[in-house]
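Below is one structure, written out as structure tokens; comments come after it.
Both counts, for ligands and for their atoms, begin at 1 and track the order of listing.
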Amino acid sequence: MTTKPSALITGITGQDGAYLTQFLLDQGYEVHGMVRRSSLEKFDRLTHLRDQIELHQGDLLDQLSLIRLLERVQPDEVYNLAAQSFVPTSFEQPLLTGEFNALGVTRMLEAVRLVDTSIRFYQASSSEMFGHVREEPQTEKTPFWPRSPYGAAKVYGHWITINYRESYDLFACNGILFNHESPLRGKEFVTRKITDAVARIYYGIQDKLMLGNLDAQRDWGFSGDYVRAMWMMLQHDTPDDYVVATGEKHTVREFVQHAFEHVNLKWENHVEIDPAFFRPADVNTLCGDATKARETINWEPEVSFAGLVTMMVDADLKRVEDELSKTPAKKNKAG
Ligand code: NAP
Ligand code: F7E
């Protein structure tokens with residue numbers, strides 16, 4: 001009898017956690033997730049998968065909980081996705097962000113080193129590490145210049161992962177993932193904030209969308225494509241670090257324009273600028289070169305920028321319509 005491969009995902013309740021869970025289940029994995037204790041369980045993104053996975057309590061702030069968890073689950077692979085992932089919050093809570101995103105990675109790596117050094121480890125590194133970019137497009141060799149406490153903490157997480165690989169021979173990989181989005185993206189991130197607003201404006205329950213820096217450029221891909229890259233890194237013969245990106249950049253303004261055009265609305269009639277959404281320091285432009293991932297692990301994205309925008313707007317239109325159909329009195333447009 002062959003046993004199933006097993007994986008532990010930290011951050012399983014997040015956007016990528018949900019897509020990775022589905023992907024690993026489809027590959028025949030036994031999937032375990034680490035969740036923080038909360039007075040109210042919020043597993044909305046996992047509802048449809050809940051009976052196929054096992055959830056365990058643990059916290060990146062608590063070293064012993066990580067060690068016990070690895071002893072109990074005995075995973076073949078660990079995907080360390082848990083983090084404080086919203087850049088503006090990192091300016092408000094720089095120390096906590098460092099605890100989660102920097103020291104939290106060390107705690108997870110220490111747990112692997114102590115419990116079982118054969119565990120393969122994925123660290124969720126980020127294009128935010130490139131920050132004030134030194135060259136374009138950015139590759140694995142581009143120097144880092146983080147522009148936020150989030151980016152600075154991720155640089156630490158990145159290097160400590162390489163350090164444990166070199167010091168203790170761990171199979172530890174960094175995925176330097178550029179922005180990736182989906183209908184499951186948190187509503188505070190700009191793409192989902194836009195598509196949610198477009199749907200609400202379309203149905204007449206919102207009129208204005210307040211945004212910050214429309215000139216920022218991002219290399220946006222689809223989360224479903226990017227979690228596949230995480231898994232592919234851990235299946236390769238040797239551990240390494242990879243940029244995961246589409247190689248195309250677009251401004252926030254272009255995203256807005258595509259999203260409103262999809263429902264035949266003029267964005268200029270609805271979007272206003274609110275200085276509250278500007279950051280103390282922003283990353284003005286990001287564009288990744290994923291040649292190494294393409295040539296080494298055979299990864300390529302499947303969803304285009306236009307495909308991503310329409311996927312997200314369509315999903316929000318459907319969700320808002322469903323919500324309104326439960327409260328018909330509020331529905332005053334488009335049927
Ligand atoms: P997300 O939706 O914000 O999910 C973050 C996850 O981390 C949630 O499950 C959250 O749990 C968990 N978490 C936070 N602090 C924790 C702690 N102290 N202990 C245990 N769990 C904790 O983020 P995402 O978009 O899926 O991103 C996944 C990872 O990739 C993150 O590390 C992020 O920084 C990184 N990344 C994301 C992108 C992107 O564009 N999405 C790009 C590059 C890198 P709760 O549900 O309890 O809050
Ligand atoms: O901002 C601008 C904002 O918050 C993108 C995280 O997943 O990707 C994400 O970080 C851009 C910025 O993502 C608003 O100033 C304008 O230039 O969607 P975002 P992010 O900061 O790039 C990286 C790779 C990660 O690793 C992170 O975890 O959009 N922008 N107006 C706005 N941004 C927001 N949130 N809200 C606005 O109203």
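The shortest N or O to N or O distance between Ala83 and ligand 1 is under 3.5 Å. At a 3.5 angstrom cut-off on N or O pairs, Asp16 counts as close to ligand 1. In terms of N/O distances under 3.5 Å, ligand 1 is approached by Gly14. Where the criterion is an N or O separation shorter than 3.5 Å, residue side chain and backbone included, Ser85 meets it with respect to ligand 1. Checked against a 3.5 angstrom limit, the closest N/O atoms of Lys154 and ligand 1 fall inside it. Considering backbone and side-chain atoms alike, Ser126 places every N or O at 3.5 Å or more from each N or O of ligand 1. Among the atoms of Leu81, some N or O lies under 3.5 angstrom from an N or O of ligand 1. Backbone and side-chain nitrogen or oxygen atoms of Glu181 are examined, and none is located within less than 3.5 angstrom of a nitrogen or oxygen of ligand 1. Every N/O-N/O distance between Ser127 and ligand 1 stays at or above 3.5 Å.
Annotation: atom 15 (O) of ligand 2 to nearest protein heavy atom, Asp282 OD2, 2.6 Å. For atom 14 (C) of ligand 2, the closest non-hydrogen atom on the protein side is Val190 CG2, 3.5 Å. Atom 31 (N) of ligand 2 has its closest protein heavy atom at Gly212 N, 2.8 Å.
Considering Arg218, Met129, Gln217, Met210 only, the shortest heavy-atom separation from atom 12 (C) of ligand 2 involves Arg218. When the options Asn213, Ile176, Asp274, Asp215 are ranked by their closest heavy atom to atom 2 (C) of ligand 2, first place goes to Asn213. Closest heavy-atom approach to atom 22 (C) of ligand 1 within the set Gly175, Ala153, Ala82, Gly221: this belongs to Ala82.
Judged by the shortest distance from any of its heavy atoms, Lys42 lies outside the 4.0 Å radius around the atoms of ligand 1.
Interface atoms of ligand 1 facing Ser125, defined by a heavy-atom separation under 4.0 Å, are 43 (C), 44 (C).
Within the 4.5 Å cutoff, no side-chain heavy atoms of Val243 are placed close to those of Lys292.
Inspection of the Ser85 and Tyr150 side chains reveals no N or O donor paired with an N or O acceptor under 3.5 Å.
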